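Below is one structure; the comments refer to it alone.
Residue numbering restarts at 1 for every chain, and letters A, B, ... go by the order of the sequence lines. In this text the structure is predicted, and so the values were computed from the model without any measurement.
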Amino acid sequence: GAGVSQSPRYKVAKRGQDVALRCDPISGHVSLFWYQQALGQGPEFLTYFQNEAQLDKSGLPSDRFFAERPEGSVSTLKIQRTQQEDSAVYLCASSGEGALSGRGYEQFFGPGTRLTVL
Amino acid sequence: QKEVEQDPGPLSVPEGAIVSLNCTYSNSAFQYFMWYRQYSRKGPELLMYTYSSGNKEDGRFTAQVDKSSKYISLFIRDSQPSDSATYLCAMSARSNYQLIWGAGTKLIIKP
C-alpha cells in the first residue's frame with residue numbers, strides 16, 4: 001500500500017481482556033517500530049524489528065506486552081490482561097533503512113490504534 | 001526533568017505570520033534532530049531533519065539547531081490555516097534509532 005496501515009483504529013477493552021493490534025508497514029520496509037502515545041504526550045518507544053528479528057524490546061512496559069513480526073512484514077502487538085493504564089494510542093512506524101545504518105530516524109507512521117481500557 | 005522539553009501551547013497566530021516553535025534538550029549525545037507534524041487522530045509525519053548543528057530550509061520551513069545551547073527551532077513562514085496541527089520535536093544519538101520526543105506544541109493558525 002501507499003502508507004503504513006493499522007487496525008483496528010479504535011479498540012475498547014474491559015480490564016483483564018487480551019487485545020491484538022495489527023500493523024501493515026510500507027511494502028519492502030526493513031524496520032518496524034511500535035510506540036505508545038499517551039494523551040498530550042509525545043510517542044514513547046516500545047520495540048523495534050529489523051525484518052523478522054526483534055532487536056530491541058527495552059521499551060515494553062511489562063511482560064504483558066508482546067510483539068511479533070514472523071515473516072518480516074506485518075506485525076502484531078499483543079497486550080495481555082489489559083489495565084486502565086494501558087489506555088493510549090499505539091503507533092506503528094516503518095523505515096526503509098536498517099536502524100544501525102544511522103538513518104533509522106526516517107520513520108513513516110501509521111494512524112495509530114486508540115485503545116481504551118474500561 | 002524530561003530529556004526533551006517542549007511548550008505544549010496552544011500557540012495561536014494569524015494567517016501569514018511567522019511561527020517559531022522550540023525545544024530544549026539535556027542529552028549532549030543527540031546528533032539527529034527531527035520535526036514531525038501530527039494532525040488530530042493521525043500519526044506523526046516527518047517534516048524536517050537536521051544532523052548536528054546548523055540550519056536547513058525546505059520551502060516555508062526552516063529548522064535550526066544550536067548544540068551549544070541544546071536548543072532547536074522550527075520556523076514556518078507565511079503560515080496557513082492548514083498548518084494548524086501539533087508539532088513534535090524528536091531526537092536521537094548518532095546511529096541510534098530510538099527517538100526521544102517532546103510532548104508537542106499545538107499550533108492554531110487563524111484565518
Side-chain angles (χ1 to χ4, degrees), chain A residues 2-10 21 23-26 29-50 54-60 88-114, chain B residues 1-11 21-25 27 29-52 56 58 63 65 72 74 85-107:
Chain A
V4 178
S5 61
Q6 292 186 247
S7 61
R9 290 293 315 276
Y10 303 91
L21 312 180
C23 173
D24 285 80
I26 293 172
H29 272 195
V30 169
S31 299
L32 187 145
F33 306 82
W34 283 98
Y35 292 87
Q36 181 189 60
Q37 187 174 24
L39 188 64
Q41 299 297 317
E44 299 246 354
F45 171 82
L46 293 177
T47 187
Y48 161 66
F49 290 86
Q50 183 165 306
Q54 188 175 20
L55 298 188
D56 189 342
K57 53 183 181 179
S58 63
L60 296 176
V89 174
Y90 290 85
L91 293 165
C92 174
S94 70
S95 171
E97 301 282 341
L100 297 182
S101 72
R103 297 184 61 186
Y105 54 83
E106 292 187 285
Q107 300 176 19
F108 299 86
F109 283 80
T113 295
R114 183 177 297 271
Chain B
Q1 187 182 3
K2 292 184 177 180
E3 274 191 288
V4 179
E5 298 281 357
Q6 187 175 9
D7 187 330
L11 176 62
L21 302 165
N22 311 293
C23 288
T24 59
Y25 63 96
N27 189 344
F30 289 145
Q31 295 281 344
Y32 292 91
F33 304 91
M34 280 70 71
W35 285 96
Y36 281 81
R37 177 174 63 195
Q38 187 172 27
Y39 291 112
S40 181
R41 302 192 183 277
K42 302 285 188 183
E45 169 194 10
L46 180 64
L47 277 178
M48 303 278 290
Y49 74 90
T50 310
Y51 170 68
S52 194
K56 187 171 184 178
D58 184 1
V65 175
I72 69 169
L74 177 71
T86 295
Y87 289 78
L88 298 129
C89 62
M91 311 176 187
S92 69
R94 184 176 178 85
S95 296
N96 182 326
Y97 52 80
Q98 283 203 28
L99 300 184
I100 308 300
W101 297 76
T105 298
K106 183 173 183 178
L107 175 65

Query raised in the report: Which region of A:Y35, side chain (C-beta onward) or backbone (N, CA, C, O), has a non-hydrogen atom less than 4.5 Å from a non-hydrogen atom of chain B, or is it both or neither?
Result: side chain
Report task. Name the member of B:G43, B:P44, B:G104 that forms the most heavy-atom pairs with chain A at distances under 4.5 Å. Result -> B:P44
Report summary line: Most heavy-atom pairs under 4.5 Å with chain B, out of A:P43, A:G59, A:C92, A:S58, belong to A:P43
Query raised in the report: What part of A:Y10 lies closer than 4.5 angstrom to a heavy atom of chain B: side chain, backbone, both or neither?
Result: side chain
Query - Whether over 12 other heavy atoms sit under 6.0 Å from A:K57 NZ - result: no
Report task. Measure from the side-chain N and O atoms of A:E44 to the backbone N and O of A:A38, and report whether any donor-acceptor pair falls under 3.5 Å. Result -> no
Report task. Report the relative orientation of the aromatic rings in A:F45 and A:F33; use parallel for angles under 30°, tilted for 30 to 60°, perpendicular for over 60°. Result -> perpendicular
Query raised in the report: Is chain A contacted by the side chain of B:Q6, its backbone, both, or neither, given a heavy-atom distance below 4.5 Å?
Result: neither
Report summary line: Rounded to the nearest 0.5 Å, the CD atom of A:Q107 sits from the OH atom of B:Y36 at a distance of 5.0 Å
Report task. Using non-hydrogen atoms and a 4.5 Å limit, figure out which bit of A:Q37 sits close to chain B: side chain, backbone, both or neither. Result -> side chain
Query raised in the report: Considering only heavy atoms from C-beta outward, does the side chain of A:L46 approach that of A:Y90 to under 4.5 Å?
Result: yes
